[in-house]
Amino acid sequence: AQSVTQLGSHVSVSEGALVLLRCNYSSSVPPYLFWYVQYPNQGLQLLLKYTTGATLVKGINGFEAEFKKSETSFHLTKPSAHMSDAAEYFCAVSANQAGTALIFGKGTTLSVSS
Amino acid sequence: NAGVTQTPKFRILKIGQSMTLQCTQDMNHNYMYWYRQDPGMGLKLIYYSVGAGITDKGEVPNGYNVSRSTTEDFPLRLELAAPSQTSVYFCASSPQGYTDTQYFGPGTRLTVL
């Protein structure tokens with residue numbers, strides 16, 4: 001069975017500050033990990049994903065995430081926040097195993113102030 | 001290339017009414033999904049399909065039905081609507097399974113009164 005925990009339902013940063021959104025997962029098999037972003041009144045779109053190989057994954061809009069197996073974490077970071085980054089962010093886990101669904105975390109809303 | 005389209009965008013139903021949420025994708029994806037999103041709860045999988053004619057239940061299937069007669073279309077049917085079905089519904093598709101990127105539609109906001 002798999003699960004995802006996103007720490008902090010709401011994160012507020014100033015424009016230009018570091019963005020750090022936390023995600024911890026539980027998986028009995030090697031996980032596939034995703035970050036999706038949802039802008040207001042829109043569907044979700046993929047920011048980045050980890051499948052296998054390099055543990056530091058770069059995504060769109062300057063975001064990146066690092067897969068840390070020992071910590072069961074996949075935190076999302078961006079060095080300098082922009083006003084346009086304000087959105088809801090979802091971490092999700094799956095696995096390359098028959099019958100394994102994509103499990104979403106509850107989401108973290110990112111607010112960016114000027 | 002429109003991606004995943006959903007209709008309607010908004011709907012208000014009375015308790016006991018029925019309706020069908022439409023979903024169409026033009027990317028020739030095999031897999032399609034229906035999720036519901038409730039505030040602070042993330043997304044929950046209702047039903048999914050691995051190809052035309054094949055559907056299966058997700059985490060929260062009660063009160064819903066689906067069909068997949070073509071690769072493009074994956075309608076979600078609500079029978080006897082209840083207030084607990086008030087939610088935002090998202091359809092998504094992916095080329096292959098859950099390890100693949102999912103492409104989401106814009107959602108349908110449903111209120112049951």
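Every chain is numbered from 1 and lettered A, B, ... according to where its sequence line falls, protein lines coming before strand lines.
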Exercise for the section: Give a yes or no on whether I12(B) atom CD1 has more than 12 heavy-atom contacts from other residues, nucleotides or ligands under 6.0 Å away. Expected result: no
Problem - Enclosure of M41(B) CE (heavy-atom neighbours >12, cutoff 6.0 Å) - result: no
Fill in the blank from the handout: When F90(A), Y39(A), Y36(A) are each screened for ring-ring contact (aromatic ring centres under 6.0 Å, His included) with F104(B), the one that passes is Y36(A)
Same apolar cluster: [X] and [Y], side chain cutoff 4.5 Å:
| X | Y | answer |
| --- | --- | --- |
| V4(B) | F104(A) | no |
| L21(A) | M83(A) | yes |
| Y64(B) | F74(B) | yes |
| L21(B) | V60(B) | yes |
| Y31(B) | L76(B) | no |

Handout entry: L46(A) versus chain B, the contacting section by heavy-atom distance below 4.5 Å
Key = side chain
Practice task
Against chain B, label Q6(A) side chain, backbone, both or neither, depending on which of its atoms sit under 4.5 Å from a heavy atom there.
Solution key: neither
Handout entry: Interchain contact, E59(B) with chain A, by part (heavy-atom threshold 4.5 Å)
Key = neither
Fill in the blank from the handout: Honestly, the part of Y103(B) sitting under 4.5 Å from a heavy atom of chain A is neither
Completion exercise
dist L102(A):CG -> Y33(B):OH (nearest 0.5 Å) comes out at 7.5 Å
Problem - Distance in Å, D100(B) CG paired with T51(A) OG1, rounded so as to fall on 0.5 Å steps - result: 10.0 Å
Practice task
State, yes or no, whether a side-chain contact exists between N41(A) and R109(B) at a heavy-atom distance under 4.5 Å.
Solution key: yes
Practice task
Return the minimal non-hydrogen interatomic distance between F34(A) and T99(B), and the atom names on each side.
Solution key: CZ-O, 3.5 Å
Completion exercise
Note: Q38(A) and F90(B) closest approach over all heavy atoms is NE2-CZ, 3.2 Å
Exercise for the section: Look at G107(B), A92(B), C91(B), G40(B) and state which one has the largest set of heavy-atom pairs under 4.5 Å with chain A. Expected result: G40(B)
Problem - Donor-acceptor contact below 3.5 Å, side chain Y48(B) vs main chain A101(A) - result: no
